[in-house]
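Chain letters run A, B, ... following the sequence lines, proteins first and then strands; every chain starts at 1. Computed from a prediction, not measured in an experiment: that's the story for all the values here.
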Number of protein chains: 2
Amino acid sequence: MTKFSRQREAIKNQLSCRYDHPTAETLYSELKETIPNLSIATVYRNLKQLEEWGEVVAITTDGATRYDANTHPHSHFFCRSCGSVIDLDCDNSDILEIGRRAGIHGVEGCSSNFYGVCSDCCQSIRNEI
Amino acid sequence: MTKFSRQREAIKNQLSCRYDHPTAETLYSELKETIPNLSIATVYRNLKQLEEWGEVVAITTDGATRYDANTHPHSHFFCRSCGSVIDLDCDNSDILEIGRRAGIHGVEGCSSNFYGVCSDCCQSIRNEI
DNA sequence: CCAATAATGATAATGATTATCGTTATTGAT
DNA sequence: ATCAATAACGATAATCATTATCATTATTGG
């Protein structure tokens, strides 16, 4: 039986009101201001738990795992320049359909990462020249 | 100026004649049989180098990074049951196009991971019942 | 209020990867 | 062929992200 925990609620809430897909470490340092004795282990523990419950999704990257409170299947755009991660508003089922047509049986889900230089970075690079 | 290295050639060659997308550790233990004093650091070092040169691609997963000598843009299927990684023969440019239509500028590339239970595992699960 | 136990915080341990550094191998010039 | 310059190596320490352990604290239902 799962019990209430202030820490878990805070983690869930903190993630819900952000759109920058923070890492466990980022969430930890932010939450530490309101919950000073918070442990990094509690953040990892709860993010894992919430992921199992389908309340958050983990975004696997080459570095630290990032988290997203938006559980609707969607893709992400990774800026090669500033490292920001932006939600992509494209239909995930269309991508899944492409995978399903590839001749392999059993394709159930997909996760797509798109790469490039975001418009902000593109702008500042242009200004430097 | 880059110099010849037997180790790098062996790593590249070992990866080229396989289709199971091994990790650095897997390549290391296999290559150790022919190059007994090979160091794991050399494997990591060269895989990173080869990736920079565009001769191999790294496949980012939630566990250890896997490598692929097939540098033609393509997707992978991850079996949830046995953990195998299989090449998906679908057109990557079609997926890229979906991402490009999502309203964000600067989308240059993409990497899609598909998930499910492979036909081998699906078969053995069926046989157990 | 109390017993049962889920969840915590602190921290040790793990797994993957990278950095360091003294030694070895490759290279181009003599 | 020899030599100096330096790329690459092997061994291993260090780092980073994450998980496991465990004694303590908080929540819950009776």
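Listed nucleotides: D:dA8, D:dG10, C:dT11. Nearest to the side chain of A:S39: C:dT11. Relative to the side chain of A:A64, the nucleotides D:dA17, C:dT27, C:dA7 differ in distance, and D:dA17 lies closest. In this structure, the nucleotide among C:dT8, D:dC9, D:dT28 sitting nearest to the side chain of A:N46 is C:dT8. Taking only side-chain atoms of A:R45, from C-beta outward, the nucleotide of C:dA16, C:dA10, D:dA11 with the closest atom is C:dA10. Comparing C:dA25, C:dG9, D:dA17 against the side chain of B:K3 picks out C:dA25 as the nearest.
Across the protein-nucleic acid pair, B:I40 atom CD1 and C:dA19 atom P stand 16 Å apart, rounded to whole Å. Here D:dT18 presents its P atom at 12 Å from CG of A:L27, a figure rounded to the nearest Å. Here the P atom of nucleotide C:dT17 and the CD atom of B:E51 are 11 Å apart, to the nearest Å. Atoms CG (A:L47) and C1' (C:dA7) sit 15 Å apart, rounded to a whole Å. Rounding to whole angstrom units, CG of residue B:N37 and P of D:dC9 are separated by 11 Å. As rounded to whole Å, 12 Å separates atom C1' of D:dA26 from atom CZ of A:R6. Rounding to whole angstrom units, CD of residue B:E9 and P of D:dA8 are separated by 11 Å. Taking atom CD of B:E52 as the reference point, atom C1' of C:dT18 lies 13 Å away to the nearest angstrom.
Within the 4.0 Å cut-off from OP1 or OP2 of D:dC9, at least one side-chain nitrogen or oxygen of B:S5 is found. Residue A:Y44 places at least one side-chain N or O under 4.0 Å from the OP1 or OP2 atom of D:dT18. Between C:dT18 and B:K48, a contact under 4.0 Å exists linking OP1 or OP2 to a side-chain N or O. For D:dA26, the OP1/OP2 oxygens have no side-chain nitrogen or oxygen of A:Q7 closer than 4.0 Å. One finds a side-chain N or O of A:T2 lying less than 4.0 angstrom from the OP1 or OP2 phosphate oxygen of C:dA7.
When all heavy atoms of A:T42 and A:I11 are compared, the pair lying nearest together is O-CD1, 4.0 Å.
When heavy atoms are screened at a 4.0 angstrom cut-off, A:T23 is found touching no nucleic acid atom at all. Looking at heavy-atom distances under 4.0 Å, B:A41 makes contact with a base. As judged by a 4.0 angstrom heavy-atom cut-off over every strand, A:T65 is placed among residues touching the sugar-phosphate backbone only. Counting non-hydrogen atoms under 4.0 angstrom, A:E25 reaches nothing in the nucleic acid. At a threshold of 4.0 angstrom between heavy atoms, the contacts of B:F4 are confined to the sugar-phosphate backbone, with no base atom among them. Counting any heavy atom pair closer than 4.0 Å across all strands shown, A:R8 reaches sugar-phosphate atoms only and no base atom.
Taking the side chain as every heavy atom from C-beta outward, B:S111 and B:T60 never approach each other to under 4.5 Å. Side-chain atoms of B:D87 and B:H76, non-hydrogen and from C-beta on, do get closer than 4.5 Å to each other. Under the 4.5 Å side-chain criterion, counting only non-hydrogen atoms from C-beta, B:H74 is in contact with B:D68.
By the 4.0 Å N-to-carboxylate-O rule, A:K48 lies too far from A:E52 to be salt-bridged with it. A salt bridge links B:K12 with B:E9: the distance from a Lys NZ or Arg NE/NH1/NH2 to an Asp or Glu carboxylate oxygen falls below 4.0 Å.
Both A:Q49 and A:Y28 lie near DNA chain C, and the one whose nearest nucleotide falls closer to the 5' end is A:Q49.
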